[in-house]
Amino acid sequence: MTRRLLSAAAVLFASILAAPRIGPAQTFKVEKFDIKGDGGTDYVAVEGATGRVFVSRGSHVMVVEGATGKVLGDIPNTPGVHGAGLATKAGHGFTTNGGDSTVTMFDLKTLAEIKRVKVSQGGLDGIMYDEPDDKIILTNHSRPIGTLTALDPKTGDIVATVELEDNAPEGAAADGKGHIFVNNESKNTIQVIDVKTWKATASWPLAPCEGPTGIAYDKASDRIFSGCNNTSVVVDPNTGKIVATIKNGTRVDALGWDPSKKLIFIPNGGQGNVTAVHQDSPDKYTVVDTVATFAGAKTITVDPVTHNAYLFQPERGPAPAPPAGAPPPTPGGRGRGPQGPIVAAWFIVIKQ
């Protein structure tokens, strides 16, 4: 009997040691700074080497000190800007100007414009720096089909253009093994791009994910994280199969990943909060907190050095009344309609 009890205890102890580590409940500190300025917004990007955050503002890009919210500079004349890609090693930054289908290449130290790059396909939107392949990657809502454009970060020259299966490609992430993964928002797929041939080689369905936008790749666990409305997903890049799902909110338009802390940040613009998720193991994920931010804040970036996460969202006052005699809005019509004036511009910092 004693021998049996000892054996049972040994088995129990071994199972405890073998069990995956569960992410503990966590709380985060949130700070908000009104950085003023005009213009709406889309993406934010952080330069980990300096802690500067690049905030798109419609016709210009504000450069903000992440830790304090202090405005350090501004990049003007970026019509319809969506985001910034930062190639620190080359000393250059790039912006996607949807208004005139150009990319502004600028000096990261002085913020001065170096050149303009015309992208004939148009529809400029997403942008990221693919560090393993040393390329600036654009994902374009071009017509009749979406495209991926690769730029040389040293020269700004276009080195490749890839046709995609969807005219609403969103985020892109590289695995350092010769692949770039692109979220297709309308078709709910991930496409795989071979960086040697610059061809799409696979398309993976993401159900139950709907509207995939933000994306990240983790080298240590060899997993892709895809930010979606209501249910985000984790994908095994070796098989294209979904290995885990994560419940979150709506109006997700980006995704942040802190590899050293093993934390995913999913911004829910519809609820004005961020779902913080711990990676317990490659195929197991635990929501550790829901962090209140500000209604509408739907894009995010994470500094790998300070571990701060950053969002931005303008606050608007009431929309102006329509002119006397103006026809009422068409039911079911598209567009946001008239918007009120910006009364504050909230730069939001989530600190661990």
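Because the structure is predicted, anything quoted here is derived from the model rather than measured.
- For the atom pair CD (E31) and OG1 (T68), the distance works out to 9.5 Å, reported to the nearest 0.5 Å.
- Under a 4.0 Å N-O distance rule, the pair D134/K89 does not qualify as a salt bridge.
- Of the N and O atoms on the side chains of N273 and T290, not one donor lies less than 3.5 Å from an acceptor on the other residue.
- In this model, a donor atom of one side chain and an acceptor atom of the other lie less than 3.5 Å apart for N97 and T104.
- A salt bridge is absent between K177 and D133; no separation between the charged side-chain nitrogens and carboxylate oxygens falls under 4.0 Å.
- Just one residue in the list D107, D157, D152 forms a salt bridge (Lys or Arg N to Asp or Glu O under 4.0 Å) with K115, and that residue is D157.
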Worksheet item: Passes salt bridge (Lys or Arg N to Asp or Glu O under 4.0 Å), K298 versus D42? Steps please.
Response: CA-CA 8 Å; K298 60 188 177 66; D42 198 356; 3.8 Å; yes
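- Residues T301 and F265 are not in side-chain contact: their nearest non-hydrogen atoms beyond the backbone lie 4.5 Å or more apart.
- To the nearest 0.5 Å, atom CZ of residue R251 and atom OG1 of residue T213 are 11.5 Å apart.
- A 4.5 Å side-chain heavy-atom check between V252 and N268 finds at least one atom pair inside the cut-off.
- Side-chain atoms of Q271 and T250 include a donor-acceptor pair closer than 3.5 Å.
- With rounding to the nearest 0.5 angstrom, the CG atom of N183 is 3.5 Å from the OG atom of S226.
- Here CD1 of I145 is found 7.0 Å from CD of E163. Values are rounded to the nearest 0.5 Å.
- Between T149 and Q121, the side chains place no donor N or O within less than 3.5 Å of an acceptor N or O (distance only, hydrogens not considered).
- The existence of a salt bridge linking D100 and K118 is excluded, since no basic side-chain nitrogen approaches an acidic carboxylate oxygen closer than 4.0 Å.
- Counting heavy atoms from C-beta on, the side chains of D253 and P267 never come closer than 4.5 Å.
- Interatomic distance, CG of L124 versus OG of S101, reported as 6.0 Å (0.5 Å rounding).
- When ring centroids are compared, F312 and W346 stay outside the 6.0 Å threshold.
- Residues R223 and D283 are in side-chain contact: their nearest non-hydrogen atoms beyond the backbone lie under 4.5 Å apart.
- The pair D34-K36 counts as a salt bridge, with a side-chain nitrogen and a carboxylate oxygen less than 4.0 angstrom apart.
- For D166 and T189, the side-chain atoms include no donor-acceptor pair closer than 3.5 Å.
- A donor atom on one side chain and an acceptor atom on the other are not found under 3.5 Å apart for H141 and N167.
- Test K187, Q191, E165 against S203 for side-chain hydrogen bond (donor to acceptor under 3.5 Å, both in side chains) and you get one pass: E165.
- Ring geometry for F33 against F347 counts as tilted: the plane angle lies between 30° and 60°, on a 0 to 90° scale.
- In this structure, CD1 in I180 is found 11.0 Å from OG1 in T201, a value given to the nearest 0.5 Å.
- A donor-acceptor contact closer than 3.5 angstrom links the side chains of Q352 and D258.
- Nearest approach of I136 to L86, heavy atoms of both residues: CD1-N, 4.4 Å.
- Side-chain atoms of N140 and D125 include no donor-acceptor pair closer than 3.5 Å.
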